[in-house]
Amino acid sequence: MSILSSLLLAASLTVTSPEGHNKITVSQQNDEFVYTVTHDNQQVVDVSRLGIDLDNYTWERALARKYPQYACWMNGFTVDSVRYDAHRATIRPLWGEQATVPDNYNAGILFLSKHDGSDYRLNIEVRAYEEGVAFRYFFPEHPMAVFHKVTADLTEYSFTTGTKVWAAEWAQAPYELKDVNEILSPIERAVTVVLPNGQYCALADADVDDWCLEKNVASQTKRNTLVTTMYSPVDIVTYYATPWKVILTADSYAQLLERRYLIDNLNPPCEISDAQEWVRPGTIMRCITLTTEAAFRQIDFCQAHHIPYMLFDWKWYEPCTSHDGDATQVIPQIDMPRVVAYGREHGVGVWLYVNQHALQKQMRELFPLLRQWGVVGVKSGFVEYASHRWAVWLHDMVRYAAENHLMINIHDEYRPSGFSRTYPNLLTQEGIRGNEEFPEATHNTILPFTRMINGPADYTICYYDKRIKTTHGHQLAASLIYYSPLVTLFWYDKPEMAGGEPELRWFDNLKTVWDETHILEGSPGSHIIIARRSGEDWYVAAMTNNEARTVSIPTDFLPKGKYTMEIYNDDLTMETKTKVRVTTKTLKTGKPITLSLQPSGGAALRLIPIK
């Protein structure tokens with residue numbers, strides 16, 4: 001429900017979350033606007049600048065308007081009024097890590113205008129949740145229809161001395177923990193922040209489909225401060241709202257990850273009226289050998305292991321990295337109609353990889369054709385996404401895919417900001433240093449508390465490839481820990497590599513969307529333990545870094561009773577090539593589960609209630 005607001009005359013606003021844990025204050029100081037954020041009465045963000053800079057000179061002159069010019073567009077504003085509001089609701093996403101999530105916040109709006117004849121107005125909209133705070137800039141409609149050219153995002157994040165951040169300079173980069181003043185090159189968001197008082201926060205974005213890529217870098221003039229960089233200018237037509245700036249707050253890394261759904265909540269609700277009829281999450285395996293016969297073998301394997309999708313990756317059309325390629329023409333080695341029909345008969349849908357070049361040139365022709373062929377999804381590769389132009393294009397691609405009942409997996413550098421709430425046919429995206437790079441286990445334990453705060457990631461689980469630097473138990477655990485409604489399995493593998501290993505049963509039964517999720521324990525570079533529920537069954541995964549570890553998994557998250565517990569753990573005495581032992585036991589709740597993890601190892605558990 002929504003509680004009607006009241007108008008108050010004030011030069012600042014303060015909004016506190018419904019239960020009082022988070023507070024954000026916005027005020028005007030010396031012709032600038034600043035904000036602060038506290039969590040449980042402790043400083044999270046110190047006094048920091050707010051605002052947007054514009055260069056509207058050309059459009060003003062084109063309309064014969066000679067408005068006053070300022071050193072910064074944010075100068076010259078007056079606070080006209082403040083409005084407060086409140087909202088209490090529950091969201092039931094089409095798919096997610098939880099069947100329901102709270103959407104409770106208190107809100108405030110600072111209404112600004114310039115009394116200089118320019119008719120420029122700006123609203124600063126603020127929300128305070130128990131999970132964190134969010135704010136954005138809203139441009140009311142200009143009466144003279146002056147176009148707005150945004151040239152800089154002035155938003156800053158100032159912290160206490162000793163603050164550290166987990167830094168990755170590009171979406172698929174490795175992470176490094178650095179002092180905030182050492183961030184000399186822009187880093188990807190979400191930015192996980194370690195505060196010296198023992199609290200944590202994450203800087204993220206939401207509702208970004210009509211904006212450009214933004215990053216953060218250390219200020220050159222203000223200590224302990226991150227400033228915002230824009231990849232390109234943004235041209236807007238008022239009225240217009242910028243993306244939400246999101247600051248998640250938490251008392252632990254685990255709590256920070258659990259609260260990431262706030263990013264999704266800040267996006268508009270689902271726009272696809274019939275999404276439940278055709279948007280179906282699941283696992284997927286690519287067909288490496290591009291022939292009709294190999295596809296049939298692949299589909300047989302997928303059917304046997306309950307994998308609902310098969311992917312033809314790049315080179316099913318040629319040349320796929322050139323504007324001269326034609327994605328409407330299939331290479332002669334593949335009889336696409338036969339493959340799609342065979343897949344349909346065996347309950348396996350076909351996805352196709354399409355590169356930026358073909359998408360840019362042929363999307364309007366291609367997507368209706370793929371639907372006609374019976375293809376169910378598109379994996380878009382090497383897409384442009386960073387500038388305002390390409391960000392709009394990319395999100396419009398997802399919209400057009402929805403019109404043609406096509407699901408989407410975006411590769412390579414793109415990271416999510418909750419757009420899948422609005423268009424859930426966008427099942428997943430890469431934007432992660434996953435198994436294509438064969439990272440070490442320590443890196444893998446960092447990802448849940450950094451990249452995964454953004455949202456789903458296609459990590460591309462490998463299993464039989466000898467280049468992986470972790471145990472197979474670690475890979476089993478990764479398939480649960482890295483949330484993705486579309487989970488890629490056996491990335492570099494072929495069906496003939498499988499040897500009937502007993503632990504394949506884990507992949508056979510793996511779900512990809514969940515009714516309940518708990519981050520039980522963990523920290524970046526060390527380990528993580530996650531529990532997820534689908535129906536009445538629980539799935540649990542533990543992952544360690546490069547070192548061996550004994551973990552104690554609490555069972556208080558389980559409803560009381562007895563469970564059949566399947567344990568998938570590394571065991572070097574096993575005679576299989578994967579060295580994973582599967583053990584079945586009866587578990588009674590109340591006592592922790594103790595597991596020994598090998599160096600670079602992991603374990604997975606499936607818990608089924610005994611009636």
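Sequential numbering from 1 along the given sequence is applied to the chain's residues.
For Y459 and N444, the side-chain atoms include at least one donor-acceptor pair closer than 3.5 Å. Donor-acceptor pairing under 3.5 Å is recorded for the side chains of H388 and D210. When only modelled atom types and interatomic distance are considered, T471 and D570 share a side-chain donor-acceptor pair under 3.5 Å. For the residue pair W390 and Y414, no side-chain donor N or O sits within less than 3.5 Å of a side-chain acceptor on the partner. Side-chain contact check for T428 and S484: at least one donor-acceptor pair (N or O, by modelled atom type) lies under 3.5 Å. D508 and H306 form no side-chain donor-acceptor contact under 3.5 Å, judged by distance and modelled atom types alone. Of the N and O atoms on the side chains of Y253 and Q255, not one donor lies less than 3.5 Å from an acceptor on the other residue. For E501 and Y464, the side-chain atoms include at least one donor-acceptor pair closer than 3.5 Å. Side-chain atoms of Q356 and S380 form no donor-acceptor pair, as typed in the model, at a separation below 3.5 Å. Judged by distance alone, the side chains of Q475 and N435 do bring a donor and an acceptor atom under 3.5 Å apart. For E503 and T578, the side-chain atoms include at least one donor-acceptor pair closer than 3.5 Å. Checking T488 against D458 by side-chain atom types alone, a donor-acceptor pair falls below 3.5 Å. Judged purely by distance below 3.5 Å, without hydrogens or angles, the side chains of N409 and Q429 never pair a donor atom with an acceptor atom. For H405 and D274, the side-chain atoms include at least one donor-acceptor pair closer than 3.5 Å. Checking H527 against E521 by side-chain atom types alone, a donor-acceptor pair falls below 3.5 Å. A donor-acceptor pair shorter than 3.5 Å cannot be found between the side chains of T445 and N545. A donor-acceptor pair shorter than 3.5 Å can be found between the side chains of Y353 and N355.
Residues W316 and V330 meet the side-chain proximity criterion, which asks for heavy atoms closer than 4.5 Å. Here the side chains of W491 and I461 are not in contact, with every heavy-atom distance at 4.5 Å or above. Within the 4.5 Å cutoff, no side-chain heavy atoms of T229 are placed close to those of N216. The shortest distance between side-chain heavy atoms of T249 and E131 does not fall below 4.5 Å. A 4.5 Å side-chain heavy-atom check between I334 and F312 finds at least one atom pair inside the cut-off. For the pair L406/Y400, no side-chain contact is recorded, criterion being any heavy-atom separation below 4.5 Å from C-beta on. With a 4.5 Å cut-off on side-chain heavy atoms, R421 and P269 count as touching. Residues E188 and K215 form a side-chain contact, since some pair of their non-hydrogen atoms from C-beta on lies under 4.5 Å apart.
Taking all atoms of both residues into account, the shortest heavy-atom contact from N546 to P599 is O-CB, 3.3 Å. The two residues L256 and A202 make their nearest non-hydrogen contact at CD1-N, 3.9 Å. Considering all non-hydrogen atoms of both residues, Q172 and E413 come closest at NE2-OE2, 3.0 Å. The heavy-atom pair separating T450 from T192 by the smallest distance is CA-OG1, 3.6 Å. Contact detail for V551 and A542: the closest heavy-atom pair is CG2-CB, 4.3 Å. Closest heavy-atom contact between L476 and A604: CB-CB, 4.4 Å.
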Decide side-chain contact (heavy atoms from CB on, under 4.5 Å) for I529 and V540; before the verdict, give the C-alpha distance in whole Å, the side-chain angles of both, and the deciding distance to 0.1 Å. CA-CA 7 Å; I529 306 172; V540 181; 4.3 Å; yes
Residues F490, F507; criterion ring pair (Phe, Tyr, Trp, His ring centres under 6.0 Å); working and verdict: CA-CA 10 Å; F490 306 110; F507 291 140; 5.3 Å; yes
In sequence, state the C-alpha distance, the side-chain angles, and the governing distance for V350 and W373, and then conclude on side-chain contact (heavy atoms from CB on, under 4.5 Å). CA-CA 10 Å; V350 174; W373 287 358; over 6 Å; no
I'd like to know whether H411 forms a ring pair (Phe, Tyr, Trp, His ring centres under 6.0 Å) with F382, so could you lay out the CA-CA distance, the side-chain angles of the two residues, the decisive distance to 0.1 Å, and finally the verdict. CA-CA 6 Å; H411 277 227; F382 294 104; 8.9 Å; no
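A donor-acceptor contact shorter than 3.5 Å links the side chain of T576 to the backbone of K579. A donor-acceptor contact shorter than 3.5 Å is absent between the side chain of T544 and the backbone of S600. Put simply, the side chain of T100 never gets that close to the backbone of R92: no donor and acceptor are under 3.5 Å apart. Side-chain atoms of N425 come within 3.5 Å of backbone N or O of V398 as a donor-acceptor pair. The closest donor-acceptor contact from the side chain of N569 to the backbone of G473 lies at 3.5 Å or more, if one exists at all. Remark: the backbone N or O of V487 is not paired with any side-chain donor or acceptor of T512 at under 3.5 angstrom. A donor-acceptor pair under 3.5 Å is absent between the side-chain atoms of T289 and the main chain of T291, judged by distance alone. Under a 3.5 Å cut-off, the side chain of Q298 and the backbone N or O of R286 do form a donor-acceptor pair. Of the possible polar contacts, one joining the R533 side chain to the G535 backbone as a donor-acceptor pair under 3.5 Å is found. Distance alone, capped at 3.5 Å, is enough to place a donor-acceptor pair between the R451 side chain and the G455 backbone.
In this structure, CD1 in I284 is found 8.5 Å from CE in M407, a value given to the nearest 0.5 Å. With values rounded to the nearest 0.5 angstrom, E176 atom CD is found 11.0 Å from I187 atom CD1. Atom CG of residue D209 and atom CH2 of residue W393 lie 14.5 Å apart, to the nearest 0.5 angstrom. Note that CE of M336 is 11.5 Å distant from CD of Q329, once rounded to the nearest 0.5 Å.
The salt bridge (Lys or Arg N to Asp or Glu O under 4.0 Å) analysis of residues 256-266, with sequence neighbours excluded, yields the pairs R260-D264.
A 6.0 Å sphere centred on CD of Q276 holds no more than 12 heavy atoms belonging to other residues, nucleotides or ligands. Within a 6.0 Å sphere centred on CH2 of W514, heavy atoms belonging to other residues, nucleotides or ligands number more than 12. Heavy atoms of other residues, nucleotides or ligands lying less than 6.0 angstrom from NZ of K361 number more than 12. Within 6.0 Å of NZ on K511 lie no more than 12 heavy atoms contributed by other residues, nucleotides or ligands.
Under a 4.0 Å N-O distance rule, the pair D396/R399 qualifies as a salt bridge. Under 4.0 Å is where a charged nitrogen must lie from a carboxylate oxygen, and between E516 and R532 no such pair does. A salt bridge does not link R189 to E214: none of the charged nitrogens lies less than 4.0 Å from a carboxylate oxygen.
Ring geometry for Y309 against W351 counts as perpendicular: the plane angle is over 60°, on a 0 to 90° scale with 30° as the lower cut. Between W95 and Y483, the angle of the ring planes lies from 30° to 60°, which puts this pair in the tilted group. Ring geometry for Y342 versus F296: interplanar angle of 30 to 60°, hence tilted. In this pair, F438 and Y492 present their aromatic rings parallel. The plane angle is below 30°, not in the 30 to 60° band.
Less than 6.0 angstrom separates the ring centroid of F557 from the ring centroid of W538.
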